[in-house]
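So that the names make sense, note that chain A is the first sequence line, chain B the second, and so on, each numbered from 1.
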Amino acid sequence: MRWSQFFIPTTKESPKDATAASHILMLRAGLIRQLAAGIYSYLPLGYRTLRKVAEIVRQEMNRAGAVELNMPVLQPVDLWEQTGRTAAMGDVLLRLRPIHSGDHSDWRSHTVLGPTHEEVVTEIARAYLNSYKQLPITLYQIQVKFRGEARPKSGVLRTREFLMKDAYSFDADTAGLDLSYQKMYDAYCRIFSRCGLPYVAVEADTGAIGGDVSHEFMVLTDAGEDTVAISESGDYAANTERATAFFDASHEATRPRSHTEQEPAEGEAPAEPLREVHTPGAGRVDDVCKLLGTAPAQMIKTLIYTGTYPTNPSNATQPSNATQPSNATQPSNATRPSNATRPSPDRKGGVSSQSAPATDIAPTIRLVVLVRGDHEINEIKLRKAAEAACGQMGLTLELADPRTIEGLTGAAVGFAGPQGLAARFRQGDLLLIDRDVTRMRSAASGANRTDYHVTGVTPGRDFPLETPPGAAFVVAVADIRMVVDGDRSPTGSGAPIRLKTAIEVGHVFKLGTKYSQSMDATFLTREGKPHPFVMGCYGIGVNRIIAAAIESNHDANGIIWPLSIAPFEVLIVALDPKDEHVMQTAASLHDQLEAAGAEALLDDRDERAGFKFKDADLIGIPLRVVVGKKSLADGVVEFSRRRDGEKRLLAPAAAVAEVLSQRTP
RNA sequence: CGGGGUGUAGCUCAGCCUGGUUUAGAGCGCCUGGUUCGGGACCAGGAGGUCGCAGGUUCAAAUCCUGUCACCCCGACCA
């Protein structure tokens, strides 16, 4: 390919608000062009790389035995109702608008742009996979996806339209799923290695997609939006959404000595007595520490949440300002009784009204949450712990408003403490205690009196660690905090955990029967009994691979493509294109390399040398041959690699041989 | 969704606060001619803008006001 006949709109400048290296370089190198927020065109150079990445993915998926198909972008919303994910996806699900608003007879009213394809693929499985003999099978596609991202950012890292490889495995049982999962996991490792990505696989939360086991494939770079916890010895790696720190459960030093929060076991406690201290205006941990002369690790942070159960999972009655479109109103198939397999045709939430018996009693509860002053609450863990504690799924948590807090604690926001609070609990309220808090003695906390704190707070004595017999509220101890840098690996190795930001390029899930059950997708077992498919799903963000590859392969001058995904493998720069000898030699090199199967780009533009070198560095083609008048007079050309820039003078024929040997190591 | 910011030439931006000497500017890029020619050259000339859109105030609006749309940033949210 000749540069002069191709289309590579490079620029010297980039928008000020592009901060991620990959974003800046993709714009400057002419790989992409933004059309709207989170919507990009792939220009010829960028598209070549996109196709190369997709091809690597395809090869490895095929190698792993997966079978490619293509599913529609346009999907009937009815399918999403069957799995309850219209509500779960919320605004992320893009819907078509009817021509006349409110016209339900218009097909557009019932059609969405697919953000993922679990429902569609399960529908296919339901139709055609009837027997255990057809299992296992993994289907995949490489296809555009649409999501109503509230805030696209960082160029191609977070967009409303993107290319994704999504695969779905169908097995007869969980043992089969384990195998299918492992195959995909291994394929992912090969894919990311081949793409030149320094990746790490971490344990992950399953989020709205559901399922139990999940791993994310992460590329460590500051441009990422995720934070992962990785132990220094490498024996533990997890997304901080899920990461947990070492906790020595054998320590029984501070088990509760009293079940009744009102009566501390006197005489038995060597801990200091409670003492109130005037701390005017100090509502934040740091301020209080200064006043009390203590450290955040010696404080108990008391946060009040309100929890709401799903009263109606259809979108009809959602409060307009209910900021949680996520899993809030997802009907929990797990807890639904025997009608689970019946698809719900109704759009008014009739099914779900049967699923939450406690709903009528307490649609809203209050949660008092305790963590150490130097720890932060992990709301994902918190929600799971809360759901476990009250036996209700689909809980929505929000930090309580000041009125609720004052009503519960009798003090202004910032002065809440656990001691004595239990007496103020209502039916259904929760006291959730981070397990690290149970190890504290004589801690400081709010006094439940404005402008006062207390010292000497001791778990078990001053507040209960278990639900007192006959109490209307529930007390639970759990791991509900974010890990912090320096925590120890939960494996017990003692290795310190470090937190790093990362780009998620792939995600694998064990779904189990979540979708097959709710969609009634079954096969017949050897015994002739219907059984729901045991499913897994596996995603790769193709565009993100490109961004991640650039993040981890660039320098001050531009991109340094890994050979495997470079838009071209070799760039021949004709320095004096008007010089016939130079141009002939360069063209001949280019033709020979192409004939040998190499992807060659010939810079035949009539530009100054410096200009062309800058462009060459910017677009980052890994191999380079420079043909110039001077060196050609000596019968040589210059071979170099973008990565190290080391020049070697070679005869043209030798340069061809060198390039060809470099591309097949 | 909450908070903040920005819309002026293909790109990056100045001008706006304090309305009128601004015929709306600069740099980059583009076109023409010339000089250059191994790390984003120089000189001369030139093309290119409904100042996001719609109202309003005013003798007069890129500039002030209102509305609206778009984009960006922080947060919330997020397979």
Discussion item. Please give the distance between the P atoms of A76(B) and C31(B) as a whole number of Å.
Written reply: 48 Å
Practice prompt. Please determine if R624(A) and E638(A) form a salt bridge, counting it only when a charged side-chain N lies under 4.0 Å from a carboxylate O.
Written response: no
Worksheet item: Has the side chain of R158(A) got a donor or acceptor atom sitting under 3.5 Å from an opposite partner on the base of C78(B)?
Response: yes
Practice prompt. Please name the residue in the list L79(A), D78(A), L93(A) that meets the side chain to side chain contact (heavy atoms under 4.5 Å, CB included) test with T86(A).
Written response: L93(A)
Discussion item. Between G40(B) and D615(A), counting only base atoms on the nucleotide and side-chain atoms on the residue, is there a donor-acceptor pair under 3.5 Å?
Written reply: yes
Discussion item. Partner lookup for A70(B), please. Criteria are Watson-Crick or G-U wobble with both distances under 3.5 angstrom; report none if nothing qualifies.
Written reply: U6(B)
Discussion item. Roughly how many Å apart are U58(B) and G49(B), using the P atom of each and rounding to a whole number?
Written reply: 32 Å
Worksheet item: Does A44(B) pair with anything, Watson-Crick or G-U wobble, both distances under 3.5 Å, and if so, with which nucleotide?
Response: U32(B)
Discussion item. Let's test this: given Watson-Crick or G-U wobble pairing with both distances under 3.5 Å, identify the partner of C51(B).
Written reply: none
Worksheet item: At under 4.0 Å between heavy atoms, what does A150(A) touch on the DNA or RNA strands: base, sugar-phosphate, or nothing?
Response: base
Worksheet item: Considering only the P atoms, how many Å lie between G15(B) and U6(B), rounded to the nearest integer?
Response: 11 Å
Worksheet entry | For atom CG of D226(A) and atom P of A79(B), their distance in whole Å | 11 Å
Discussion item. Need the pair for G75(B). Rule: Watson-Crick or G-U wobble, both distances under 3.5 Å, any strand; none if unpaired.
Written reply: C1(B)
Report all interatomic pairs (protein N or O, nucleotide N or O of nucleotides 45-47 of chain B) with separations under 3.5 Å.
none

Discussion item. Under 3.5 Å, is there a donor on one side chain and an acceptor on the other for R85(A) and Y515(A)?
Written reply: yes
Worksheet item: Base, sugar-phosphate alone, or nothing: which one does P577(A) contact when heavy atoms must sit under 4.0 Å apart?
Response: nothing
Practice prompt. Scan every strand shown for a Watson-Crick or G-U wobble partner of C13(B), both distances under 3.5 Å, and answer none if you come up empty.
Written response: G25(B)
Worksheet item: Are T10(A) and R28(A) close enough that some pair of their side-chain heavy atoms sits under 4.5 Å apart?
Response: no
Practice prompt. Report which part of the nucleic acid Q34(A) touches: base, sugar-phosphate, or nothing (heavy-atom distance under 4.0 Å, all strands).
Written response: sugar-phosphate
Worksheet item: Under 4.0 angstrom, heavy atoms only, what part of the nucleic acid is S631(A) near: base, sugar-phosphate, or nothing?
Response: base
Worksheet item: Out of C72(B), A79(B), U36(B), which nucleotide sits closest to the side chain of A37(A)?
Response: C72(B)
Worksheet item: Is V156(A) close to H23(A) at the side-chain level, that is, under 4.5 Å between some pair of heavy atoms?
Response: no
Item to complete: Using heavy atoms to find the nearest nucleotide of RNA chain B for R28(A) and K153(A) separately, return the residue whose nucleotide is more 5′.
Response: R28(A)
I'd like a list of close polar pairs between nucleotides 9-15 of chain B and the protein, N/O only, cut-off under 3.5 Å.
from: C13(B); atom 1: OP1; to: K16(A); atom 2: N; distance (Å): 3.4

Item to complete: Check whether the side chains of K165(A) and Y188(A) place a donor and an acceptor atom closer than 3.5 Å, and report yes or no.
Response: yes
Fill in: Atom-pair distance (CD1 on I380(A); P on A76(B)), nearest Å
12 Å
Discussion item. Without decimals, in angstroms, what is the distance between H215(A) NE2 and A79(B) C1'?
Written reply: 16 Å
Discussion item. Whether the side chain of E607(A) and the base of G39(B) hold a donor-acceptor pair under 3.5 Å is what I'd like checked.
Written reply: no
Worksheet entry | Residue list, ring-ring contact (aromatic ring centres under 6.0 Å, His included) with H117(A), at least two apart or on another chain | none
Worksheet item: Hey, what's the ring geometry for Y181(A) with H215(A), parallel, tilted or perpendicular (30° and 60° as the breaks)?
Response: tilted
Worksheet item: What's the CG-P distance between D606(A) and U35(B), to the nearest Å?
Response: 14 Å
Practice prompt. Return the nearest nucleotide to the side chain of R151(A); candidates are G38(B), G75(B), C71(B).
Written response: G75(B)
Discussion item. Going by purine N1 to pyrimidine N3 plus the second Watson-Crick contact, or the G-U wobble pair, all under 3.5 Å, which nucleotide sits opposite G39(B)?
Written reply: none
Discussion item. Is the shortest side-chain heavy-atom distance between E68(A) and M61(A) below 4.5 Å?
Written reply: no
Worksheet entry | Interatomic distance where CD1 belongs to I24(A) and P belongs to C73(B) [whole Å] | 12 Å
Practice prompt. Whole angstrom is fine here: how far is it from CZ in R147(A) over to P in C77(B)?
Written response: 17 Å
Practice prompt. Considering only atom C1', compute the distance from A61(B) to C78(B) and round it to an integer number of Å.
Written response: 44 Å
Discussion item. At 4.0 Å (heavy atoms only), tell me whether E241(A) reaches a base, stays on the sugar-phosphate, or touches nothing.
Written reply: nothing
Worksheet item: Are E241(A) and N378(A) close enough that a side-chain donor and a side-chain acceptor fall under 3.5 Å?
Response: no
Item to complete: Measure the distance from NZ on K612(A) to C1' on C37(B) and round it to the nearest whole Å.
Response: 11 Å
Fill in: Which nucleotide in C28(B), U36(B), G38(B) has an atom nearest any side-chain atom of A609(A)
G38(B)
Fill in: Aro-ring/base stack F611(A)-G40(B), d under 5.5 Å, angle under 30°
no
Practice prompt. Nearest whole angstrom, please: distance from the C1' of A79(B) to the OH of Y188(A).
Written response: 11 Å
Worksheet entry | H375(A) and V484(A), any side-chain heavy atoms less than 4.5 Å apart | yes
Worksheet item: Are R642(A) and D555(A) within salt-bridge range, i.e. N to O under 4.0 Å?
Response: yes
Worksheet item: When we call it a touch if two heavy atoms are under 4.0 Å apart, what does A616(A) touch: a base, just sugar-phosphate, or nothing?
Response: nothing
